[in-house]
2 protein chains.
Amino acid sequence: MITIYDIAAKAGVSAMTVSRVINNTGRISEKTRKRVRKVMEELHYIPNMLARSLVSQKTHLLSLLITDITNPFYTTLARGAEDAAKKAGYRLLFANSDEDYAKEKDYIDMILTTRVDGVLLAPTGDHSLENLNQLRKHHIPFVVLDREIPGIDVDVVLGDSKAGARNLVEHLIRLGHRRIALVNGLQDVSTARLRYTGYEEAHRLSGLQLDESLIVHLGYRDFHDDSALDQLFQLEQPPTAIFAANNMLAVGVIQSLRARGFHVPGDISVVCFDDFGPAGAINPFLTVASQPAYQFGQLGMQLLIERLESENNYEFRKIMLPSQLIVRSSTLPLSP
Amino acid sequence: MITIYDIAAKAGVSAMTVSRVINNTGRISEKTRKRVRKVMEELHYIPNMLARSLVSQKTHLLSLLITDITNPFYTTLARGAEDAAKKAGYRLLFANSDEDYAKEKDYIDMILTTRVDGVLLAPTGDHSLENLNQLRKHHIPFVVLDREIPGIDVDVVLGDSKAGARNLVEHLIRLGHRRIALVNGLQDVSTARLRYTGYEEAHRLSGLQLDESLIVHLGYRDFHDDSALDQLFQLEQPPTAIFAANNMLAVGVIQSLRARGFHVPGDISVVCFDDFGPAGAINPFLTVASQPAYQFGQLGMQLLIERLESENNYEFRKIMLPSQLIVRSSTLPLSP
DNA sequence: TTGATTATTGTTACCGATAACTCAAAGTTA
DNA sequence: TAACTTTGAGTTATCGGTAACAATAATCAA
């Protein structure tokens with residue numbers, strides 16, 4: 001491993017001079033600068049970040065912790081975050097918690113020991129509060145994405161879950177549906193709660209009675225749980241439409257429905273939150289509340305970097321991004 | 001920032017003793033061990049990886065460099081790699097080159113300065129050779145995924161592009177298609193070359209004349225380039241089926257076709273390499289050669305870790321994973 | 001010409017951990 | 001009881017950089 005000492009020796013200068021050349025600090029005569037540069041190239045010198053970071057107390061590394069790397073919403077978000085980080089000269093450490101609190105905690109520990117400069121994260125749920133407090137205790141700046149955490153004041157980029165949900169459900173109601181099921185995420189997650197609120201609000205504003213037996217709770221990634229729909233179809237009056245609280249749940253719901261012989265949208269309409277990225281573009285099928293995923297990442301990263309690079313502790317900011325109702329072919333008017 | 005010296009001072013021992021307690025090395029009496037542990041908890045000690053890695057010359061960090069984070073093939077692969085890394089106790093640094101050589105180079109540089117222990121990467125193309133040589137020069141072990149690079153001997157996990165392509169094209173030929181277009185990736189990428197070879201082989205074995213004017217070259221991510229299909233439809237005898245060399249190209253092809261008023265598969269059949277992950281499961285539509293993406297990542301990571309942890313330089317290994325033809329509804333027999 | 005100033009480079013200490021060596025006290029053996 | 005082991009620590013040097021200060025040479029003003 002070539003170090004600045006090797007270069008210093010070969011160039012006949014001190015290590016400090018080499019360091020100065022590398023960082024363009026201090027004053028160096030053009031002659032020595034050139035000589036040092038030449039030796040650096042000859043020896044294929046690569047600076048050692050570990051050593052540099054140890055003394056500077058800055059790694060120029062940021063961490064992005066998402067909850068599901070197979071979900072196009074988060075991968076698009078990741079692209080946004082990556083682009084913004086790159087533009088500002090930071091390196092990005094991706095991590096994936098799989099909606100699993102324990103994994104999240106593991107990654108937070110790794111983030112702490114790795115001494116990243118800041119963290120951008122979509123928390124797994126309200127209990128993530130403990131992990132956030134851990135970050136705060138160690139003075140690691142962070143920005144929260146997509147999900148609000150009660151009990152802590154932070155910079156955060158959110159979608160408007162309530163309005164989005166209301167739009168989706170109102171769309172179904174306009175189509176004549178009256179028994180609309182909600183396949184929701186866990187109540188521990190703010191988006192799931194707000195999507196419920198939007199669902200409830202749509203009912204109330206339309207003068208519809210809300211039937212709690214039409215509500216199912218699953219983890220956002222547990223779309224394999226086929227039995228989840230049993231509850232709905234054992235009802236005396238089963239639903240004629242289903243609102244899935246995110247895209248992955250919608251996939252599961254549709255697969256379950258088809259496995260039971262239902263046709264979507266012929267027999268039952270389905271809507272969901274979040275779109276499907278490029279892969280979904282082949283057969284745009286689902287009626288969705290589409291969120292600007294790329295901007296989630298980009299804006300979140302901008303907030304983080306501003307926080308990092310500003311001295312003063314200005315107050316925390318909350319950005320709320322709207323979702324857009326895109327009506328496609330998974331919804332039909334209720335047939336009489 | 002709490003260091004082992006703070007702990008040592010408060011516990012009334014030397015820093016070395018604290019280090020021994022942390023790493024469970026050397027001999028420590030149960031009494032001091034407990035006292036040190038207690039102080040560590042009280043002060044919320046977090047070990048500093050930078051310092052530790054600087055002396056141990058090991059970061060326990062691996063890097064995964066993929067070419068398209070929005071492609072479900074790579075995100076599934078990433079999950080496989082992540083799981084395998086986690087199991088072996090390594091942390092994983094994701095990076096995304098966007099099929100862009102310059103970005104890849106940037107990431108390789110960052111990998112070198114970050115002193116990761118090893119790299120798992122899907123190269124952008126043959127010219128990545130230079131980046132691989134850079135890694136080798138600095139003695140960073142690496143494993144190549146998905147794409148072969150001529151001119152360098154490495155551990156590598158590949159799909160059987162030739163056989164997969166042949167299967168797809170033979171499927172089309174069985175359906176009666178005779179004018180089959182190939183929308184391929186750039187010739188700089190081994191999978192694109194092999195998919196061409198499979199395409200050619202299928203023609204030859206079926207006694208079909210291959211018409212070079214039916215072949216279009218695009219980057220694997222350049223599916224926005226709508227004009228690419230112009231060439232095909234200005235032909236006197238336009239194709240009746242299209243083989244897209246990967247999933248992203250297929251998305252673009254289908255969107256282009258629809259924009260031109262063609263119906264798939266009614267007017268034209270489409271097949272492609274690689275499936276669409278969970279997002280594609282809603283409306284499984286495309287006939288594909290599906291590759292075991294998760295295993296690409298998992299096996300690649302296993303190779304890397306074995307290479308890392310073994311002293312001796314055993315010879316390089318090449319794993320070839322088969323693809324599976326999945327016939328769905330994007331293909332129809334040629335109507336007379 | 002001389003003291004002051006500026007430009008260029010070097011020295012030393014330190015970032016936070018660990019390897020290698022040292023050393024005192026306690027325990028063992030003959 | 002003297003010599004030898006074993007146990008449980010501590011000391012020092014080092015990993016590869018950089019900050020802060022020091023030192024020398026070159027230039028300049030008076």
Side-chain angles (χ1 to χ4, degrees), chain A residues 1-37 39-40 43-61 109-117 138-140, chain B residues 1-37 39-40 43-61 109-117 138-140:
Chain A
M1 192 63 38
I2 304 295
T3 72
I4 55 170
Y5 293 94
D6 301 319
I7 300 186
K10 192 160 179 199
V13 297
S14 75
M16 198 58 222
T17 300
V18 177
S19 173
R20 289 195 181 103
V21 170
I22 294 171
N23 298 290
N24 267 314
T25 55
R27 309 172 171 286
I28 301 284
S29 74
E30 203 45 44
K31 212 176 74 189
T32 41
R33 185 192 306 278
K34 267 195 183 138
R35 193 167 69 244
V36 170
R37 284 256 164 76
V39 175
M40 279 173 48
L43 300 186
H44 305 297
Y45 171 71
I46 303 278
N48 186 325
M49 265 301 164
L50 298 170
R52 186 180 280 184
S53 297
L54 186 58
V55 27
S56 73
Q57 305 281 27
K58 291 246 167 315
T59 54
H60 259 245
L61 250 183
D109 285 347
M110 113 115 146
I111 280 165
L112 288 171
T113 73
T114 310
R115 297 295 193 270
V116 302
D117 290 349
H138 293 281
H139 308 105
I140 313 276
Chain B
M1 194 63 39
I2 304 295
T3 73
I4 56 170
Y5 293 94
D6 302 318
I7 300 187
K10 192 161 178 195
V13 296
S14 74
M16 200 57 224
T17 301
V18 178
S19 173
R20 290 195 180 103
V21 170
I22 293 170
N23 297 291
N24 268 315
T25 54
R27 308 172 172 288
I28 301 284
S29 76
E30 203 45 45
K31 215 176 72 189
T32 39
R33 184 190 305 277
K34 267 196 180 138
R35 194 167 69 243
V36 170
R37 284 256 164 75
V39 176
M40 278 173 50
L43 299 186
H44 305 296
Y45 172 71
I46 303 276
N48 186 326
M49 266 300 162
L50 298 170
R52 186 180 282 184
S53 298
L54 186 58
V55 26
S56 72
Q57 304 282 26
K58 291 246 164 321
T59 54
H60 259 245
L61 252 182
D109 284 346
M110 112 114 146
I111 280 165
L112 288 170
T113 72
T114 309
R115 297 294 194 266
V116 302
D117 290 349
H138 293 281
H139 309 105
I140 313 276

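Numbered from 1 within each chain, the chains take letters A, B, ... in sequence-line order.
For A/Met49 and C/dG16, the CE to C1' distance is 18 Å, given to the nearest whole Å. One can place CD of A/Glu30 at 10 Å from P of C/dT9, the figure rounded to the nearest angstrom. Residue B/Met16 contributes atom CE, which lies 9 Å from atom C1' of C/dA17 at whole-angstrom precision. What separates NZ of A/Lys58 from P of C/dG16 is a distance of 13 Å, to the nearest Å. For the pair B/Asp6 CG and C/dC15 P, the interatomic distance rounds to 10 Å; values are reported in whole Å. In this entry the distance linking CZ of B/Arg20 with C1' of C/dT18 reads 9 Å, nearest Å. Nucleotide C/dT18 holds its P atom 12 Å from the CG atom of A/Leu54, rounded to whole Å. Residue B/Ile22 contributes atom CD1, which lies 13 Å from atom P of C/dG16 at whole-angstrom precision.
Candidate nucleotides C/dA7, C/dC15, C/dT9 were compared by shortest atom distance to the side chain of A/Gln57, and C/dC15 ranks first.
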* Apply side-chain contact (heavy atoms from CB on, under 4.5 Å) to the pair B/Val36 and B/Arg20, showing each step before the final yes or no. => CA-CA 10 Å; B/Val36 170; B/Arg20 290 195 180 103; over 6 Å; no
* To do: Run the numbers on B/Gln57 and A/Met1 for side-chain contact (heavy atoms from CB on, under 4.5 Å), then give the verdict.
  => CA-CA 10 Å; B/Gln57 304 282 26; A/Met1 192 63 38; 5.6 Å; no
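In summary, of the residues considered (B/Val39, B/Asn48, B/Leu43), a side chain to side chain contact (heavy atoms under 4.5 Å, CB included) with B/Ile2 occurs for B/Leu43 alone.
Taking the nucleotide of DNA chain D with the nearest heavy atom to each of B/Val13 and B/Arg115, the more 5' of the two is matched to B/Val13. Residue order along DNA chain D, read from the 5' end via each residue's closest nucleotide, puts B/Ile28 first among B/Tyr5 and B/Ile28.
Look at B/Tyr45 and you'll find a side-chain N or O under 4.0 angstrom from OP1 or OP2 of C/dA17. Distances shown here put a side-chain N or O of A/Ser29 below 4.0 Å from the OP1 or OP2 atom of C/dT9. Applying the 4.0 Å criterion to OP1 and OP2 of C/dG16, one finds that B/Thr3 has every side-chain N and O outside that range. For the OP1/OP2 pair of C/dC15 and a distance below 4.0 Å, the side-chain nitrogens and oxygens of A/Ser53 include no atom meeting the criterion. Contact annotation: B/Asn48 side-chain N/O to C/dC15 OP1/OP2 distance is not under 4.0 Å.
Among the heavy atoms of the strands, none lies under 4.0 Å from A/Thr25. Residue-level contact check: B/Ser56 touches neither bases nor backbone, having no heavy atom under 4.0 Å from any strand. Contact annotation for B/Ile4: base contact, defined as any heavy-atom pair under 4.0 Å involving a base atom. If you check every strand for non-hydrogen atoms under 4.0 Å, A/Arg27 touches a base.
Residues B/Arg115 and A/Ile46 are in side-chain contact: their nearest non-hydrogen atoms beyond the backbone lie under 4.5 Å apart. Side-chain contact between B/His60 and B/Met49: absent, with no pair of heavy atoms (C-beta onward) separated by less than 4.5 Å. Under the 4.5 Å side-chain criterion, counting only non-hydrogen atoms from C-beta, A/Val13 is in contact with A/Arg35. Using a 4.5 Å cut-off on side-chain heavy atoms (C-beta onward), A/Val18 and A/Val21 make no contact.
Shown here for B/Ala8 and B/Ala15, the closest heavy-atom pair between the two residues is CB-N, 3.6 Å.
Five base pairs at each end of the helix from C/dT1-D/dA30 to C/dA30-D/dT1 define two local axes, and these are offset by 50° (rounded to 10°).
When DNA chain D is scanned 5' to 3' for any atom under 4.0 Å from a heavy atom of chain B, the first and last hits are D/dT7 to D/dG16.
No donor-acceptor distance shorter than 3.5 angstrom exists from the side chain of A/Thr114 to the backbone of A/Val116, with no hydrogens or angles considered. Panel note: side chain A/Ser53, backbone A/Leu50; no donor-acceptor pair is recorded below 3.5 Å.
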